[in-house]
Amino acid sequence: MFNHIKTNDTLFESIKRKNNNDNISEKSLGKIEEKIRRVKNSVDYEVFKKSMDDLKFQVSEMKSQTVREKINKVISECLLTESQLNQSTLHEIEPEPTFKRIRFYHSIEEAILCKIAFNTISLKSLSKIEAKIQARFNEVMSSKTPEMFEKEMVEAKSILKKYDNEVVCKKIDEIINKYLDRYYVVIKENYSPISRIWSAVRSVSGLQEITPRKLYEFKAAIIDSFKFQSIEFIESHQCELKRKVSKYIDGNIEEKFIEVIEQCANDRRRELKESYQYDTSEPKNLFPKFQEVKPIEQTSIKEIFSHLYKRFIIWINKKLTIN
């Protein structure tokens, strides 16, 4: 079955439609080239080159070698043309940015790139960017990979870092942060600590840096996961977390995650040791002693039952804490 490229598809969505094809028509190649040139005309050379590098990575994972070669040829030709144009204008005065409207078919990144070069941005344009972010939020949060939303927002923030336009960058960044805050609330309220840990790991996999808020979210999930561990299982839980983190991420992010795991494990051990004396061999240590010993004949029935009830409640609480 043919999966035709649609007019409102983004460039990356167009490539995705051809993932499982054994070949690709000249008509489809022409549509892909048109979308590549549309991106090229809306951004500067460095941003365009990075976008094409990301696209090449997506193409490399396609099933058919024939399809990969044909699409890569189109990408290379567009890159060569843009590179020559970039070199010829290297010493010229940088032209004023061309006004571009945000269209319904633009991705979040494409919408941002339309406005990022200007010194101001209208409320209408901000509303369009927010609408795209909100739509993506609703779509991804109902999927099996909600962490993809955060990953896409990190990539969108990386565009803002390449521009010195503080006014526009700040307004767009505030919108992104608003939906990131919603993302963290949904994750914390609807996912178990372990699920939140792997969501954090998957969202930073492949990145070279981690944001402070992501590190905080990871730490909160780690703290919650240790709350379900009794003192004798903290060590094994700590080792298992470190092993899985090391399997999926490496470098600077791995070191920061491992450091958080070790810190939270030590904090939990200290907390448990301070809250009670861990000694399963002598359960009687869990119960308080009489402050004043009275002969049984001088103790009323009410006092006896009151004392037994208190001991029972304390025993239940201790058992729950241990388990």
Side-chain angles (χ1 to χ4, degrees), residues 54 57 61 136-137 139-158 176-281 286 316-323:
D54 294 340
F57 177 79
E61 296 182 333
R136 186 58 179 159
F137 174 83
E139 176 187 356
V140 179
M141 293 311 294
S142 60
S143 72
K144 294 181 179 180
T145 55
E147 64 274 1
M148 288 305 298
F149 175 77
E150 184 184 35
K151 196 163 188 176
E152 291 177 17
M153 292 303 99
V154 170
E155 291 171 355
K157 279 176 170 285
S158 68
I176 294 175
N177 286 337
K178 180 170 80 172
Y179 284 90
L180 280 175
D181 288 340
R182 292 186 184 180
Y183 164 82
Y184 294 133
V185 170
V186 172
I187 290 294
K188 187 167 185 179
E189 291 181 349
N190 295 279
Y191 291 82
S192 67
I194 295 298
S195 296
R196 286 155 53 198
I197 291 170
W198 302 139
S199 176
V201 169
R202 286 192 296 268
S203 68
V204 301
S205 177
L207 299 178
Q208 299 301 314
E209 61 179 352
I210 180 172
T211 61
R213 69 191 303 163
K214 191 62 189 176
L215 197 61
Y216 174 81
E217 182 207 351
F218 179 76
K219 183 175 182 179
I222 293 293
I223 291 173
D224 288 345
S225 77
F226 275 116
K227 287 180 180 177
F228 293 93
Q229 305 297 325
S230 55
I231 197 166
E232 70 269 28
F233 292 116
I234 288 180
E235 183 66 28
S236 60
H237 183 60
Q238 174 184 352
C239 292
E240 181 66 8
L241 289 176
K242 289 165 68 174
R243 184 184 67 80
K244 290 188 176 182
V245 164
S246 298
K247 180 178 178 181
Y248 290 101
I249 56 178
D250 52 23
N252 186 43
I253 297 179
E254 179 191 5
E255 293 177 3
K256 290 182 178 180
F257 274 20
I258 296 296
E259 184 180 338
V260 168
I261 293 172
E262 292 177 345
Q263 178 190 342
C264 292
N266 291 333
D267 290 345
R268 182 55 176 163
R269 286 191 192 93
R270 187 162 47 251
E271 179 186 353
L272 288 173
K273 288 178 180 178
E274 290 175 354
S275 63
Y276 65 91
Q277 181 179 356
Y278 185 76
D279 186 356
T280 55
S281 62
L286 298 176
I316 290 294
N317 288 336
K318 295 295 182 181
K319 281 292 184 183
L320 292 174
T321 305
I322 293 174
N323 295 325

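All residue numbers in this chain count up from 1 along the given sequence. As the structure is a computational prediction, the values presented were derived from the model and not from experiment.
Between Pro146 and Tyr183 the shortest heavy-atom distance is O-CE1, 3.3 Å. In terms of heavy atoms, Ile234 sits closest to Leu272 at CD1-CD1, 3.8 Å. Closest approach of Ala221 and Ile197 over heavy atoms only: CB-CG1, 3.7 Å. Here the closest heavy-atom approach between residue Leu241 and residue Ile222 is recorded as CD1-CD1, 3.9 Å. The nearest pair of heavy atoms linking Tyr191 to Val186 is CD1-O, 4.1 Å. Heavy atoms only, all atoms of each residue included: Arg268 and Lys227 are closest at NH2-O, 3.6 Å.
Salt bridge Lys178/Asp181: absent, no basic N to carboxylate O contact under 4.0 Å.
Every residue two or more places apart in sequence or in another chain was checked for a salt bridge (charged side-chain N to carboxylate O under 4.0 Å, His left out) with Glu259, and none qualifies. The side-chain contact (heavy atoms from CB on, under 4.5 Å) check on Glu235 picks up Gln238, Cys239, Arg269, with sequence neighbours excluded.
Considering only heavy atoms from C-beta on, Ile261 comes within 4.5 Å of Phe218 through its side chain. Within the 4.5 Å cutoff, the side chain of Glu150 has heavy atoms near those of the Tyr184 side chain. A heavy-atom distance below 4.5 Å is not found between the side chains of Phe228 and His237. Taking the side chain as every heavy atom from C-beta outward, Lys157 and Met153 never approach each other to under 4.5 Å.
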- Message: Applying side chain to side chain contact (heavy atoms under 4.5 Å, CB included) to Val260 and Lys256, what does each step give before you reach the verdict?
- Response: CA-CA 6 Å; Val260 168; Lys256 290 182 178 180; 5.7 Å; no
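Around atom NZ of Lys219, no more than 12 heavy atoms belonging to other residues, nucleotides or ligands sit under 6.0 Å away.
For the atom pair CD of Glu189 and CZ of Arg196, the computed distance is 10.5 Å after rounding to the nearest 0.5 Å. Rounding to the nearest 0.5 Å places NZ of Lys244 at 7.5 Å from CD1 of Ile194.
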